[in-house]
Amino acid sequence: MTVIDTLGLPNTRGRGPLIVAQVVDALGTGLFLPFAVVYFHAAKGISLTTVGVMLSVAALLSLPAGPLAGPMVDRVGPRRVVIASNLIRVLTFTGYVFTDVPWQLVVLVTVTLWGESQFRPAAAALVAQVADGGQRARWYAMERALRNVGIGVGGLLGSALVGWGGTSGYTAVVVLNAVSFLAAAGLVAAWRRPAVPDPSGAHLCGADPAPRRGGYREVLADRAFRGVLVTVCVFALCDLALTVLLSAYVIEARGLPAWQPGTLFAINTVLVVLGQTAVARAVERYRRPRVLQAAAVLWTVSFALFAVVPGEHTGIAFGALALGMVVFTAAELLQAPTSSALTVAMAAERVRGRYLGLEELMWGLARVLAPTLFTWLLARGPGLPWLALGLCCLAAVAVLHRLGRVLSAHVQRETVDD
């Protein structure tokens, strides 16, 4: 067994530019992500309330982007959609520099979110095409680990630029983000797959030789996939609890020191970077619905730990939160690559983009619901958001139990025939 296999890494020979593109994209995203709200406030002079409304409106307007990306991926191929979505964001981030009019910024943010919502299903479909047989989950795991590294390094670099340059630093962050998207688009555009047939017989850079027409009616007729979409929405809410809910809960609801959320985020990032690919390899032999059930159970345990954190003892509280974060991250490590691989495995290649587009729609709905839902529950009781999330996870376990009995064996497992 090679070191690469021990670490759970996929075969990347001939795909180097795609990996570099992922890192560059993540680095640029990490530059801007921590400053998305404060940039419009500090650099553009827009009130925080108005910024919040702008971002919410843009998120709602971008909801159709995922489903609309599906047919594009199926018709023109994921590689072209990945390139186009990166170029769209080059234009919008460049536009941020030249306007401070709120309605114009809403338009730019909306188009940016459309680009992101088209990028994610296209990137997942591209991975499904380029991965060797049996290694899709490893690719999704490696992609997630690299993204965490890029975002972490980008965040540190962005903080340095803002601390050094003030308003000019914010502008530099936005410009560098635009440059990163341009570089990523160029790398993907320049990459050419070697003319080696795929072991599964699939065509890695094109559609089926004689594709049959398939639309969303066909996809929605897949009862098993409708069940999967329910779990996608639940898991998206669980994932968003980390960024939307945890800081407000720790600082506001429990009155704990402001350093604790940042430390918890660091624990999560380090564990993802170090463990994601190894965990993906370790669970390859298990059926995917079972792996996702285990993730849901672990999330339930982590939410219970978060809910019982005492506010009066800082040390004990941090210990409980840290333990909860470790369990939370273990659930993430199981769910993230497995869920993507399950969606791809259920889809015929000619409608793969549509399957992934609906998965993106579930994430979009969760992004719209999470801020309002979590804050509303938090205002009515510190433990209520965690209780609600735990109940949702238990419902997902039940759905996955039923799915485990109806999905065929070749869909449930990652095999060389994937």
Side-chain angles (χ1 to χ4, degrees), residues 10 12 14-15 17-19 21-22 25-26 64-89 114-144 146-147 184-185 187-189 191-193 198-209 211-216 218-220 222 225 228-229 232 236 280 288 336-364 411 414 417-418:
T12 60
R15 292 96 160 181
L18 297 181
I19 297 171
Q22 289 177 354
D25 181 285
L68 289 175
M72 291 175 58
V73 171
D74 293 332
R75 287 171 184 164
V76 305
R79 180 167 163 270
R80 291 177 179 174
V81 178
V82 166
I83 295 169
S85 65
N86 277 323
L87 292 178
I88 286 171
R89 289 177 289 175
W114 273 71
E116 290 179 2
S117 295
Q118 291 178 338
F119 172 82
R120 283 184 286 264
L126 184 60
V127 167
Q129 286 187 345
V130 304
D132 288 346
Q135 293 198 345
R136 284 175 183 158
R138 292 191 183 196
W139 269 88
Y140 292 126
M142 182 185 69
E143 182 181 46
R144 185 162 181 264
L146 289 174
R147 191 160 189 81
L187 286 164
V188 176
W191 175 75
R192 292 292 184 273
R193 175 185 168 265
D198 179 55
S200 68
H203 296 264
L204 297 189
C205 289
D208 294 329
R212 291 185 290 123
R213 286 285 183 183
Y216 276 117
E218 176 186 343
V219 177
L220 292 172
D222 186 343
F225 183 61
V228 169
L229 288 177
V232 168
R288 295 194 190 106
T338 305
S339 189
S340 297
L342 177 60
T343 296
V344 168
M346 294 181 72
E349 186 174 355
R350 59 192 167 79
V351 290
R352 183 179 290 156
R354 289 172 170 83
Y355 272 73
L356 292 166
L358 288 179
E359 183 180 60
E360 175 62 24
L361 176 63
M362 293 299 102
W363 272 90
V411 168
E414 184 79 25
D417 294 325
D418 268 359

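For the pair Gly357 and Pro121, the tightest heavy-atom approach, listed with the atom from each and the gap, is N-CB, 4.1 Å. The two residues Val351 and Glu218 make their nearest non-hydrogen contact at CG1-OE1, 4.1 Å. Closest heavy-atom contact between Gly66 and Tyr216: O-OH, 4.2 Å. Looking at every heavy atom in both residues, Ala122 comes nearest to Pro78 through O-CB, 3.2 Å. Of all non-hydrogen atoms in Ala124 and Tyr140, the two that sit nearest each other are O-OH, 2.8 Å.
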Val73 and Tyr355: side-chain contact (heavy atoms from CB on, under 4.5 Å), yes or no, with the steps?
CA-CA 10 Å; Val73 171; Tyr355 272 73; over 6 Å; no
side-chain contact (heavy atoms from CB on, under 4.5 Å) for Trp191 and Leu187? Distances and angles first, verdict last.
CA-CA 6 Å; Trp191 175 75; Leu187 286 164; over 6 Å; no
Stepwise side-chain contact (heavy atoms from CB on, under 4.5 Å) test for Arg89 and Phe119:
CA-CA 10 Å; Arg89 289 177 289 175; Phe119 172 82; 3.3 Å; yes
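Checked against Arg79 for a side chain to side chain contact (heavy atoms under 4.5 Å, CB included), the options Val82, Val81, Ile83 give a single hit: Ile83. Checking Arg80, Arg354, Arg350 one by one against Asp74, the salt bridge (Lys or Arg N to Asp or Glu O under 4.0 Å) holds for a single residue, Arg354.
Counting heavy atoms from C-beta outward, Leu356 and Arg120 have side chains that stay 4.5 Å or more apart. In this structure, Trp114 and Ser85 have side chains that are not in contact, with every pair of non-hydrogen atoms separated by 4.5 Å or more. Under the 4.5 Å side-chain criterion, counting only non-hydrogen atoms from C-beta, Val232 is not in contact with Leu358. Residues Glu360 and Gln118 are not in side-chain contact: their nearest non-hydrogen atoms beyond the backbone lie 4.5 Å or more apart. With contacts defined as side-chain heavy-atom distances shorter than 4.5 Å, the pair Trp363/Ser117 does not qualify. Side-chain atoms of Val188 and Leu18, non-hydrogen and from C-beta on, do get closer than 4.5 Å to each other. The shortest distance between side-chain heavy atoms of Val228 and Glu359 does not fall below 4.5 Å.
For the atom pair CE (Met362) and OG1 (Thr343), the distance works out to 11.0 Å, reported to the nearest 0.5 Å. Atom CG of Leu229 sits about 9.0 Å away from atom CG of Asp222, to the nearest 0.5 Å.
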